[in-house]
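Here is the structure we will look at.
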Amino acid sequence: MSTAAYSSDTETDAVQAAAEADAADAPPHRRALVRRPAASLADGLVTHIEKADVDVELARAQWVNYVAALEAHGWRTIEVEPRDDLPDSVFVEDAVVLFGPFAVVTRPGADARKPETVGALRAVVDLGLEVAEIEAPATLDGGDVLTVGRTVYVGRGGRTNPEGVRQLRFLLEPRGYEVVSVPMTKALHLKSAVTALPDGTVIGWEPVVDDPEIFPTFWAVPEEAGAHVVVLDPHTVLMSAAAPRTAALFRDHGLDVVTVDISEFEKLEGCVTCLSVRVR
Ligand SMILES: NC(=O)NCCC[C@H](N)C(=O)O
């Protein structure tokens, strides 16, 4: 896909070249689903923030840059078929969740987003994955699902209902996962509030975390956008350019940090995690 530049103030050109060489050699299982922004993106939903004007052209450029950052770190990106009539379809994480070779196609809590799963289902079938689907009356958004090792935390209360948690538990417990239900009242999705570093440390923006004690480890970060990381490899995370103080803390912690500007998606309550689904 695109080779647009992304920003990373820890990487030299040599490291960049090595990352690109790695991408070329990436094993076939290191793939990521992405979905290009809809022409109707500016009509996307907002729940917890004020609606702001979205620059769709800028969003397209930011998405290309995000995809380039994944590819430069060894992730081969696969596009789910675009849907210009589904404004939030770029947030592909909400439509399907992967657990190794097992894909769970969701049933999004917002009615306007339910048709997004058609393309997501096709994509995971085409990948040859084992597939299950969440069924009514359950609702489950992928943004509510955080996997740390064999523990799957599921945010309950916003877009995901108790039946959604129950169905996911039914699917995952026989596969050796423990599903932990997490109350969510202050943010759109669980992963709007918390994600996890490569070592499993849960990081979060405390003002929107109902109960940090649910997590065995919890590191409160100083910026809301700092709570969202995509793990690119065991020592590298991708995060928003909107959280420079948190990025500095993570670098002090010994991580390599790659940053991308996703301002137009943040206006729609999106974050770095929701723009891709990694196949591992
Ligand atoms: N997983 C995510 O955090 N997804 C962001 C979804 C944003 C979208 N505007 C929505 O309200 O559904």
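The figures that follow rest on heavy atoms only: side chains count, while hydrogens, waters and symmetry mates do not. As the structure lists them, so they are numbered: ligands from 1, and atoms in each ligand from 1.
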Pairs involving residues 181-209, ordered by first then second residue, that meet ring-ring contact (aromatic ring centres under 6.0 Å, His included) (sequence neighbours left out):
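Every pair satisfying ring-ring contact (aromatic ring centres under 6.0 Å, His included) with a residue in residues 181-209: there are none.
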Give, for atom CG of Leu70 and atom CG of Leu275, the distance between the pair rounded to the nearest 0.5 Å.
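Between atom CG of Leu70 and atom CG of Leu275 there are 9.0 Å.
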Atom pairs and distances, donor-acceptor, side-chain atoms in residues 151-159, under 3.5 Å, two or more places apart:
from, atom 1, to, atom 2, distance (Å)
Arg156, NH1, Ser181, OG, 2.5
Arg159, NH1, Asp141, OD2, 3.4

List the steps, then state whether salt bridge (charged side-chain N to carboxylate O under 4.0 Å, His left out) holds for Arg36 with Glu79.
CA-CA 7 Å; Arg36 68 180 55 235; Glu79 280 197 51; 2.7 Å; yes
Should the ring pair Phe102 and Phe99 be called parallel, tilted or perpendicular, given that the plane angle runs from 0 to 90° and is split at 30 and 60?
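If you compare the ring of Phe102 with that of Phe99, the planes turn out tilted.
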His253: side-chain contact (heavy atoms from CB on, under 4.5 Å) partners, not counting sequence neighbours
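side-chain contact (heavy atoms from CB on, under 4.5 Å) check on His253 returns Leu197, Asp199, Trp219, Leu255.
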Short N or O contacts of ligand 1 with protein, under 3.5 Å, listed by atom name?
from, atom 1, to, atom 2, distance (Å)
ligand 1, 1 (N), Glu93, OE1, 2.8
ligand 1, 1 (N), Asp94, OD1, 2.9
ligand 1, 1 (N), Asp94, OD2, 3.4
ligand 1, 1 (N), His189, ND1, 3.4
ligand 1, 3 (O), His189, ND1, 3.2
ligand 1, 4 (N), Asp94, OD2, 2.8
ligand 1, 9 (N), Leu45, O, 2.8
ligand 1, 9 (N), Asp88, OD1, 2.8
ligand 1, 9 (N), Leu268, O, 2.8
ligand 1, 11 (O), Arg159, NH2, 2.9
ligand 1, 12 (O), Arg113, NH1, 2.7
ligand 1, 12 (O), Arg159, NH1, 2.8
ligand 1, 12 (O), Arg159, NH2, 3.4

